[in-house]
Every structure is written in structure tokens, then in C-alpha cells.
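Taking it in order: structure first as C-alpha cells, then the write-up.
Note that this is a predicted model, so its numbers are computed, not measured.
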Amino acid sequence: MAESHLQSSLITASQFFEIWLHFDVDGSGYLEGKELQNLIQELQQARKKAGLELSPEMKTFVDQYGQRDDGKIGIVEAIKQLLMNTFKKNKQEVKPETCVRAPYNFLNLFQLAHVLPTEENFLLLFRCQQLKSCEEFMKTWRKYDTDHSGFIETEELKNFLKDLLEKANKTVDDTKLAEYTDLMLKLFDSNNDGKLELTEMARLLPVQENFLLKFQGVKMCGKEFNKAFELYDQDGNGYIDENELDALLKDLCEKNKQDLDINNIPTYKKSIMALSDGGKLYRTDLALILCAGDN
């Protein structure tokens, strides 16, 4: 199935997801090592078998990653590469500043999307219309997690997609919107519970913007987190303000120098405070960043 899709002159969003899931064997959200080399090999073989030349985007992709055993591609930059052909055909300009490049040895879904030709461009909207930084992502999360459950469920996700498409002046009917919602769940709902957690949705972010990846290594169990929250909620009012968060982040950076950079505290703080309610960061909101579970 992946071979026939790779031979297509235009690839639908659904077909693209099938290609991605075929090669992302471990479900990590990235293609790296053997996964990435398998994609390159099968891409070249499929195009040759169909009598098709590699597009300029495909040639660039092969040249960049074909000789690297340590290469890695993740979700965000891959879609950008698949969709570039569609934007060119529609005579739409994709500005460099709206499509952040990944590090040389890092490939994700938005990058792959720039490589493969597609007939649907809604996926690129996540990068170029709204989710341009971690702070913007957090604001989006807070807007659509309306019940503060810590999840974006199907109806909330549908509203998120509808709003995003409207901002791009793209109108779709209810059937197409439901299809897009289903595709998003298939791609990002790693535990198949029918809703998206913060860390699952964060895979929409380019890797260099995604500070949540760094905080994965410093998350605490529920007991440790509650103890830390009470320690830094110095006035005991039930929430952490910006100054209290600053003290917490400084201590976290000092204890976890391999994962966190103390020079990035202003960025961390700005992104995390985007989850707050009028400058009040409640326990459940901070737990999305720092709590790994109940134990």
C-alpha cells in the first residue's frame, strides 16, 4: 500500500497518514535510523518502478538524509515538505519564517509532507497559520480544552480544526470536518483513548520549539508534584503566580542541567503561563507540564 501511495502524482491526507504510520514502526512520532532509511529506499524504488523521476523536493530530501545513519524526522517539519507542491500549484507563497526548518539530522511529519506531493493542504495550516511557537500552542490548548479536563476531546478538536480552517479562509462541510478530526486522532492519539493529551497535541510543534519534550525528563510522580506545588505556592492561595513559577523553574534547571537550560527560563515561563487563568496557574494546569502520573 505504501508503494502505490509513493507512486502517486497527488497524495491525499489519508494516504499520507498511511505512509507515515507504515514507516513510523515504533509510533514515536519520528522517523529515525532504519525507519528513515527504509522510507528513502522504498521511495526511490517506488518512483523508479512507476517510471517517475524524483521531484526536486524528493531529491533534496534524499541528499540530506540518505547518507546519515543518525538521521531523524519528526511530525511537524514533514508535513511542510509534502505540501509544498500544492502551495506552488495554487500559487500560494510559503514564507520561510512560517515554516521552521528542523536540525540537519532531524526529520518529522511536516518535513516529509514537503517531500511528497499532496492534493490537500489543511495539515500545513497547523504550522503556518497558528502554532508558530510553544506559547501560541499553549494558548490554543487553553482555548479548546474548555472544561480544563487536561484533554481535547472529539468535539473540542472538531471546533479547533474548524476555527483553524476559517482563519485560513478555507471552508469545509461537516463530513470533511469529521474526516479531518478522525485523521488527527489517528495520527496523534497514541494511546487510542479518543482524545488528545497535551503531550500528544504538542507533536504539532516543530522540535526546536517544543520545550515539552525537555520537560518529559523531569516530570514527577503525583506525590512529588503535589509536594512541590505546595512548596512553591508560598502564600498558600491554591495557585502559583509568575514569581513563584520563576523560583520553581530555577530550581528545576539547577537540578536537571542535562535536560533544561537555565538561560531559557523566560521562554519556559512564558509558555507555561499561557496555561494560566489571569496569571493564576492552578495545580491541574501545572500538572500537565510536570506531573507524570498518580503514583
Side-chain angles (χ1 to χ4, degrees), residues 29 74-77 79 98 100 108-110 122-168 177 180-220 225 229 239-242 245 248-249 260 264-293:
I75 284 180
V76 180
E77 291 82 359
I79 287 180
T98 65
V100 181
N108 66 24
L109 184 60
F110 279 85
F122 88 100
L123 295 168
L124 189 57
L125 302 175
F126 298 117
R127 232 352 249 128
C128 294
Q129 292 293 333
Q130 191 165 12
L131 303 181
K132 297 178 183 178
S133 70
C134 228
E135 182 185 2
E136 285 296 313
F137 169 76
M138 292 299 197
K139 289 179 179 177
T140 301
W141 173 269
R142 174 51 61 233
K143 179 179 178 180
Y144 291 97
D145 180 21
T146 53
D147 55 4
H148 288 230
S149 65
F151 304 93
I152 288 183
E153 302 183 43
T154 302
E155 285 304 311
E156 293 170 329
L157 177 59
K158 191 176 292 184
N159 289 333
F160 164 63
L161 294 175
K162 184 178 180 180
D163 190 18
L164 194 62
L165 291 165
E166 286 177 352
K167 287 183 179 181
L177 185 60
Y180 287 167
T181 302
D182 183 58
L183 288 171
M184 289 294 293
L185 284 171
K186 286 180 179 177
L187 180 61
F188 294 108
D189 183 16
S190 56
N191 60 359
N192 298 313
D193 62 358
K195 50 191 177 183
L196 298 181
E197 300 175 13
L198 180 67
T199 51
E200 292 172 330
M201 280 287 284
R203 291 163 67 187
L204 287 168
L205 285 165
V207 174
Q208 60 267 50
E209 292 282 353
N210 195 348
F211 86 102
L212 291 169
L213 291 177
K214 298 183 180 295
F215 277 81
Q216 288 296 310
V218 302
K219 281 193 171 185
M220 315 169 200
F225 170 76
F229 187 91
Y239 62 83
I240 285 180
D241 61 28
E242 192 168 346
L245 178 61
L248 169 58
L249 290 174
L260 303 176
N264 287 334
I265 284 180
T267 300
Y268 299 155
K269 184 167 60 175
K270 197 172 182 181
S271 297
I272 295 173
M273 287 305 294
L275 290 172
S276 69
D277 183 1
K280 300 176 180 179
L281 191 64
Y282 290 98
R283 189 185 301 256
T284 53
D285 296 322
L286 187 58
L288 295 174
I289 309 296
L290 294 178
C291 187

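Taking CD1 from Ile152 and CG from Leu198, the interatomic distance works out to 8.5 Å, rounded to the nearest 0.5 Å. Atoms CG and CG, on Leu196 and Asp189 in that order, are 5.5 Å from each other to the nearest 0.5 Å. Distance check: Met138 CE to Ser276 OG gives 11.0 Å after rounding to the nearest 0.5 Å. Taking OG1 of Thr154 as the start and CG of Asn159 as the end, the distance is 11.0 Å to the nearest 0.5 Å. We find the CG-NZ distance between Leu248 and Lys269 to be 11.5 Å, quoted to the nearest 0.5 Å. Taking CD1 of Ile272 as the start and OG1 of Thr267 as the end, the distance is 10.5 Å to the nearest 0.5 Å.
The nearest pair of heavy atoms linking Phe225 to Cys291 is CG-CB, 3.9 Å. In this structure, Met273 and Gly279 approach most closely via the heavy-atom pair CE-O, 3.5 Å. For the pair Tyr144 and Phe160, the tightest heavy-atom approach, listed with the atom from each and the gap, is CE2-CA, 3.3 Å.
Here Gln216 pairs with Thr199, Lys219 under the side chain to side chain contact (heavy atoms under 4.5 Å, CB included) rule; sequence neighbours left out. Under the rule for a side chain to side chain contact (heavy atoms under 4.5 Å, CB included), the partners of Glu155 that lie at least two apart in sequence or sit in another chain are Lys158. For Lys280, the side chain to side chain contact (heavy atoms under 4.5 Å, CB included) criterion is met by Tyr239, Tyr282, not counting sequence neighbours.
Put simply, the side chain of Leu281 does not reach to within 4.5 Å of the side chain of Asp241, judged on heavy atoms. Side-chain contact check for Leu260 versus Leu249: every heavy-atom pair is 4.5 Å or farther apart. Between Leu286 and Phe229, the closest side-chain pair of non-hydrogen atoms falls below 4.5 Å.
Remark: Asp277 does not engage Arg142 in a salt bridge, criterion side-chain N to carboxylate O under 4.0 Å.
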#### Entry: Stepwise side chain to side chain contact (heavy atoms under 4.5 Å, CB included) check, Ile289 with Tyr268
CA-CA 10 Å; Ile289 309 296; Tyr268 299 155; over 6 Å; no
### Task
Kindly indicate, with the supporting measurements, whether the criterion side chain to side chain contact (heavy atoms under 4.5 Å, CB included) is fulfilled by Glu156 and Phe151.
CA-CA 9 Å; Glu156 293 170 329; Phe151 304 93; 5.7 Å; no
